[in-house]
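Each remark here refers to the structure printed beneath this line.
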Amino acid sequence: QVQLAESGGGLLQAGGSLRLSCAASGLTFSNVVLGWFRQVPGKEREFVAAVRWGLGSPRYADSVKGRFAISRDRAKNTVYLQMDRLKPEDTAVYYCAYKRGSSISLSEREYDYWGQGTQVTVSS
């Protein structure tokens, strides 16, 4: 059974930090990409960051570059999103996503599996 289980969301003030986790199971990890997207009501899901499971080589949206860091623990089949210097505009539901193939895509349509999402709320 495929499962991407996110955790770590919450409510915090601007300038704070949060780390999201996504534990993956029931999937193969050869030649894949794990990523994070976010969505606010009424808007499309937005790419945040992604990493090639084997090679690393992370990629970030311009809006989070320098503040967020994606990493993976291959022994635990878990991908993380460390979010620092959070802003109110980072408020969203954050989703973990899995994509077959080693090319990182910014389009949600390219990803094959999704987690249920975790809410991050940043107050000003």
Side-chain angles (χ1 to χ4, degrees):
Q1 181 181 359
V2 173
Q3 187 173 18
L4 296 172
E6 302 104 333
S7 61
L11 169 65
L12 72 166
Q13 290 188 327
S17 297
L18 208 58
R19 189 176 81 156
L20 305 182
S21 300
C22 173
S25 58
L27 294 163
T28 60
F29 289 89
S30 174
N31 206 32
V32 301
V33 169
L34 273 289
W36 291 93
F37 285 72
R38 64 188 182 186
Q39 188 172 28
V40 298
K43 297 186 72 175
E44 291 187 355
R45 210 168 287 190
E46 173 191 30
F47 173 82
V48 176
V51 64
R52 295 175 177 86
W53 193 255
L55 297 175
S57 302
R59 186 170 179 179
Y60 299 94
D62 289 343
S63 58
V64 306
K65 205 171 292 183
R67 300 187 299 120
F68 291 12
I70 188 170
S71 61
R72 81 271 193 230
D73 184 331
R74 288 189 279 179
K76 296 181 179 179
N77 290 345
T78 299
V79 64
Y80 304 96
L81 185 68
Q82 176 67 40
M83 305 185 293
D84 297 324
R85 302 199 306 278
L86 281 157
K87 304 175 181 180
E89 50 264 43
D90 294 318
T91 295
V93 176
Y94 282 72
Y95 295 91
C96 178
Y98 168 101
K99 174 186 173 294
R100 299 185 187 96
S102 61
S103 61
I104 291 178
S105 173
L106 276 61
S107 171
E108 62 173 311
R109 292 183 292 274
E110 300 292 324
Y111 288 75
D112 301 290
Y113 296 104
W114 294 85
Q116 292 299 308
T118 185
Q119 177 72 46
V120 173
T121 303
V122 185
S123 63
S124 57

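Starting from 1, each residue takes its place in the sequence as its number. Here the structure is a predicted model, which means the values were calculated and not measured.
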With sequence neighbours left out, which residue pairs that include part of residues 57-100 fulfil the ring-ring contact (aromatic ring centres under 6.0 Å, His included) condition? Y98-Y113

Could you list the residues that satisfy side-chain contact (heavy atoms from CB on, under 4.5 Å) with R109, not counting sequence neighbours? S107

Can you name the residues that form a salt bridge (charged side-chain N to carboxylate O under 4.0 Å, His left out) with E46, not counting sequence neighbours? R38

Side-chain (E6) to main-chain (Q116) donor-acceptor, under 3.5 angstrom: yes

Please identify each residue that fulfils side-chain contact (heavy atoms from CB on, under 4.5 Å) with L11, with sequence neighbours left out. T121

Main chain of G66, side chain of R85: is a donor-acceptor contact present, judged purely on distance under 3.5 Å? yes

Between S21 and T78, what is the shortest heavy-atom contact and its length? CB-CG2, 4.4 Å

Mind checking whether Y111 and F37 have parallel, tilted or perpendicular rings, split at 30° and 60°? perpendicular

For the atom pair CD (E108) and CD (Q39), what is the distance rounded to the nearest 0.5 Å? 7.0 Å

Counting N and O atoms only, with roles assigned by atom type, does the side chain of Q13 sit under 3.5 Å from a partner on the main chain of S123, one being a donor and the other an acceptor? no

Closest heavy-atom pair, V40 versus A92, reported as atoms and distance to 0.1 Å, is CG1-CB, 3.7 Å

Side chains of W36 and M83 in contact at under 4.5 Å (non-hydrogen atoms): no

Side chains of I104 and R52: closer than 4.5 Å at any heavy-atom pair? yes

Calculate, to the nearest 0.5 Å, the distance between atoms OG and CD belonging to S63 and E89 respectively. 9.0 Å

For S57, all residues meeting side-chain hydrogen bond (donor to acceptor under 3.5 Å, both in side chains), sequence neighbours excluded: none

Here the gap from L27 atom CG to Q1 atom CD, rounded to the nearest 0.5 Å, amounts to 10.5 Å

I'd like to know if L4 and V48 are part of one continuous hydrophobic network [Ile/Leu/Val/Met/Phe/Trp/Tyr, side-chain heavy atoms within less than 4.5 Å]. yes

Could you tell me whether a side-chain N or O of R100 sits under 3.5 Å from a main-chain N or O of T28, the two making a donor and an acceptor? no

Side-chain heavy atoms under 4.5 angstrom apart, residues restricted to Ile, Leu, Val, Met, Phe, Trp, Tyr: same cluster for L12 and V64? yes

Taken to the nearest 0.5 Å, the spacing of R72 CZ from W53 CH2 works out to 7.5 Å

Take R67 and D90 through the side chain to side chain contact (heavy atoms under 4.5 Å, CB included) test and state the conclusion after the steps. CA-CA 11 Å; R67 300 187 299 120; D90 294 318; 2.8 Å; yes

Tell me whether V33 is reachable from V79 by hopping between hydrophobic residues (I, L, V, M, F, W, Y) whose side-chain heavy atoms are closer than 4.5 Å. no

Can you confirm whether S17 sits close enough to Q82 that some side-chain heavy atom of one is under 4.5 Å from a side-chain heavy atom of the other? yes

What residues form a salt bridge (charged side-chain N to carboxylate O under 4.0 Å, His left out) with K65, not counting sequence neighbours? D62

With heavy-atom distances below 4.5 Å as the criterion, would you say the side chains of T91 and V120 are in contact? no

Starting from F47, can I reach V32 by hopping between I/L/V/M/F/W/Y residues whose side chains sit under 4.5 Å apart? no

Mark yes when over 12 heavy atoms from residues, nucleotides or ligands other than R59 sit less than 6.0 Å from its CZ; otherwise mark no. no

Joint hydrophobic cluster, V2 plus L34, side-chain heavy atoms closer than 4.5 Å: yes

